[in-house]
Amino acid sequence: MDSLIEWKNKSKRKPLIIHGARQVGKTWLMKEFGSLYFKDSVYINFDNNEKLKNVFDLDYNIERIISALKIESERNFNPENTLIIFDEIQECPKALTALKYFCESERNFYVIAAGSLLGMALHEGTNFPVGKVDLKYLYPLSFYEFLLATKNESLAELLKGKDYDLINAYHEKYCELLKLYYFIGGMPEAVANYIEYDDLKQVREIQENLISYYESDFSKHAPKESLMRIQLVWNSVPSQLAKENRKFIYRLIREGARAKDFELAIQWLSDYGLIYKSYRVKKPGFPLNFYEELFCFKIFMLDVGLLAAKSKLSAKVLLEKNEIFTEFKGSLTEQFIAQELACSRNNLYYYSNEKSTAEIDFVIQKEDIIIPIEVKAQENLKSRSLKMYCQKYSPKAALRSSMSKYRKEEWMTNVPLFLLSEYLKQFDF
């Protein structure tokens, strides 16, 4: 919301597009923004709205489009103090193109748009008004936001400071809440239901319904020739992450599967926002994208709670002290860190050498610093790979993220899993 207010106050703003997967809260956010910070707001949903689609089919005359919006909304609003909301804009490609003309208009309109399939337009470049719009990304709730939502504001704010002794004092409390987050995840409906009813069975039902909803979207929007392969890739994600080496292996999809047969299916799921890809780098050089290997990668899901649901992780695991952190060989833990890094707009990379004798779970770039991050699900810690990496490359900062408390050593810093996202912000300049 703060970033939307900042956009509103720009003297020369462009139309804003909020990009994100279905059900992460885009529609609610746009409507709430309009309600709180504008005299009026006009909400247009292009899903099954043929009348408005026809308006954009004629031409891109902004005055005529505004007149049509007044008719459609049945009120005579003043565009200068009104938020115009275009939802599911991908259903009307010419409305997406029209954002260019809103940008070039001298009246500096407040136009905000969203769509769950916009990743396809971004990838293909079709009708996309490049350079004429601002983009913001919406993700499931991060752990910090989960703390705020569940009335743990003081614990959330403590993570923002650098009082590591006090954070260590509340370590067990953070760990219990992190266990809860592993199960519930950050999908808004699941979190809201838990807050209201405190019933993990209901949360799981919501997660399973969301997964079914996504899968029904495959048949509606995916190319028919790729549909079966998309479903196969999607179903393979839990087993891919359950391996000791989480590199994506095509034969786990089905026997004899080849990369060229599934490239489009993986790209579709990525464009749709349901998966994140983490690419291997053989050398942690600057910038990292110069060293990425496009055909060697890991795949993570949109949300840790959805991964737990798709993996059939029982809520009873929450009653065990540490089992949730070691289930699936730590896959939930690595998924959690991938999700936290993605929420902070970090590109995902991991490092392994030619002989695969050392692997670093994540390598991120912060300004001109390359930071290796080794992720450990348990408190029984060994960091052989991280030590080998540090001996070879002498990084300015090396991090191990685990269930152990914060402590700084001469060659690396152990950062609790729940603290990592906020801790990394000190490297943003």
Side-chain angles (χ1 to χ4, degrees), residues 20-29 31-32 47 87-88 114 116-117 138-152 175-222 227 230-242 269 272-276 299-320 323-328 331-336 338-340 342-343:
R22 286 196 191 275
Q23 303 298 311
V24 294
K26 299 184 299 297
T27 298
W28 178 89
L29 181 62
K31 287 183 174 181
E32 184 77 355
D47 193 19
D87 208 355
E88 300 299 347
S116 302
L117 300 173
L138 190 63
Y139 299 90
L141 278 73
S142 67
F143 180 65
Y144 172 81
E145 292 165 333
F146 178 79
L147 291 178
L148 294 178
T150 53
K151 310 303 181 187
N152 289 287
C175 289
E176 291 303 312
L177 288 166
L178 185 57
K179 289 180 183 181
L180 198 58
Y181 180 77
Y182 274 29
F183 187 90
I184 298 170
M187 298 303 288
E189 185 181 0
V191 177
N193 183 276
Y194 172 76
I195 291 168
E196 184 170 359
Y197 300 107
D198 192 16
D199 187 338
L200 294 180
K201 288 185 178 180
Q202 288 190 40
V203 169
R204 177 50 52 84
E205 288 174 5
I206 288 169
Q207 292 168 333
E208 290 174 344
N209 288 339
L210 284 172
I211 291 170
S212 296
Y213 181 60
Y214 289 138
E215 291 174 352
S216 68
D217 259 4
F218 297 169
S219 59
K220 293 178 185 176
H221 301 290
L227 180 57
I230 289 170
Q231 190 69 57
L232 285 171
V233 172
W234 174 244
N235 288 340
S236 80
V237 175
S239 60
Q240 298 281 354
L241 290 175
L269 286 167
Y272 188 41
L274 289 185
I275 62 172
Y276 306 126
I299 284 181
F300 298 96
M301 284 183 65
L302 166 71
D303 176 66
V304 66
L306 293 182
L307 175 62
K310 196 161 178 59
S311 303
K312 307 298 182 184
L313 176 64
S314 170
K316 290 172 64 177
V317 174
L318 289 171
L319 302 177
E320 306 293 334
E323 189 177 343
I324 192 169
F325 296 106
T326 56
E327 192 78 12
F328 314 121
S331 59
L332 288 180
T333 302
E334 200 164 326
Q335 162 71 40
F336 167 71
Q339 188 174 335
E340 290 283 288
C343 281

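In terms of heavy-atom proximity, Val191 sits nearest to Gly185 at CG2-O, 3.5 Å. Nearest heavy atoms, Gly25 versus Pro188: N-CG, 4.3 Å. Counting all heavy atoms, side chain and backbone alike, Gln207 lies closest to Phe183 at NE2-O, 2.9 Å. Among all heavy-atom pairs drawn from Ser331 and Ala242, the shortest one is CB-N, 4.3 Å. A pairwise comparison of heavy atoms in Pro238 and Asn235 identifies CD-O, 3.5 Å as the closest pair. Across Ala190 and Val203, no two heavy atoms sit closer than the pair O-CG2, 3.8 Å.
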Sequence neighbours excluded and cut-off under 3.5 Å, please list the side-chain donor-acceptor pairs for residues 211-220, or say none.
residue	atom	partner	partner atom	Å
Ser212	OG	Glu208	O	3.1
Tyr214	OH	Arg22	O	2.6
Glu215	OE2	Gln231	NE2	3.4
Glu215	OE2	Trp234	NE1	2.9
Glu215	OE2	Lys310	NZ	3.3
Ser216	OG	Tyr213	O	2.7
Asp217	OD2	Arg22	NE	2.3
Asp217	OD2	Tyr272	OH	2.3
Ser219	OG	Ser216	O	2.8

Scan the side chains in residues 138-145 for donor-acceptor partners under 3.5 Å anywhere in the protein, sequence neighbours excluded, and list what turns up.
residue	atom	partner	partner atom	Å
Tyr139	OH	Ala342	O	3.4
Tyr139	OH	Arg345	NH1	2.6
Ser142	OG	Glu145	N	3.3
Ser142	OG	Glu145	OE1	3.4
Tyr144	OH	Glu157	OE2	2.5
Glu145	OE1	Ser142	N	2.8

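Atom-to-atom distance recorded for Gln335:CD and Glu340:CD is 10.5 Å, nearest 0.5 angstrom. Residue Tyr194 holds its OH atom at 10.0 Å from CG of Asp199, rounded to the nearest 0.5 Å. Note that CD1 of Ile206 and CD of Glu189 are 4.5 Å apart. Values are rounded to the nearest 0.5 Å.
Taking 4.5 Å as the limit, every side-chain heavy atom of Asn193 sits out of range of all side-chain heavy atoms of Ile184. Contact check for Leu241 versus Leu332: no side-chain heavy atoms found under the 4.5 Å cut-off. Phe146 has its side chain within reach of Leu180: a pair of non-hydrogen atoms, C-beta onward, lies under 4.5 Å apart. Side-chain contact between Met301 and Leu306 is present, with at least one heavy-atom pair separated by less than 4.5 Å. You'll find the side chain of Tyr182 stays beyond 4.5 Å of the side chain of Leu313, heavy atoms only. Annotation: side chain of Leu302 is in contact with side chain of Met187 (closest heavy-atom distance under 4.5 Å).
Residues passing the salt bridge (Lys or Arg N to Asp or Glu O under 4.0 Å) test with Glu334, sequence neighbours excluded: Arg246, Lys298. For Thr27, the side-chain contact (heavy atoms from CB on, under 4.5 Å) criterion is met by Lys31, Tyr43, Asp87, not counting sequence neighbours.
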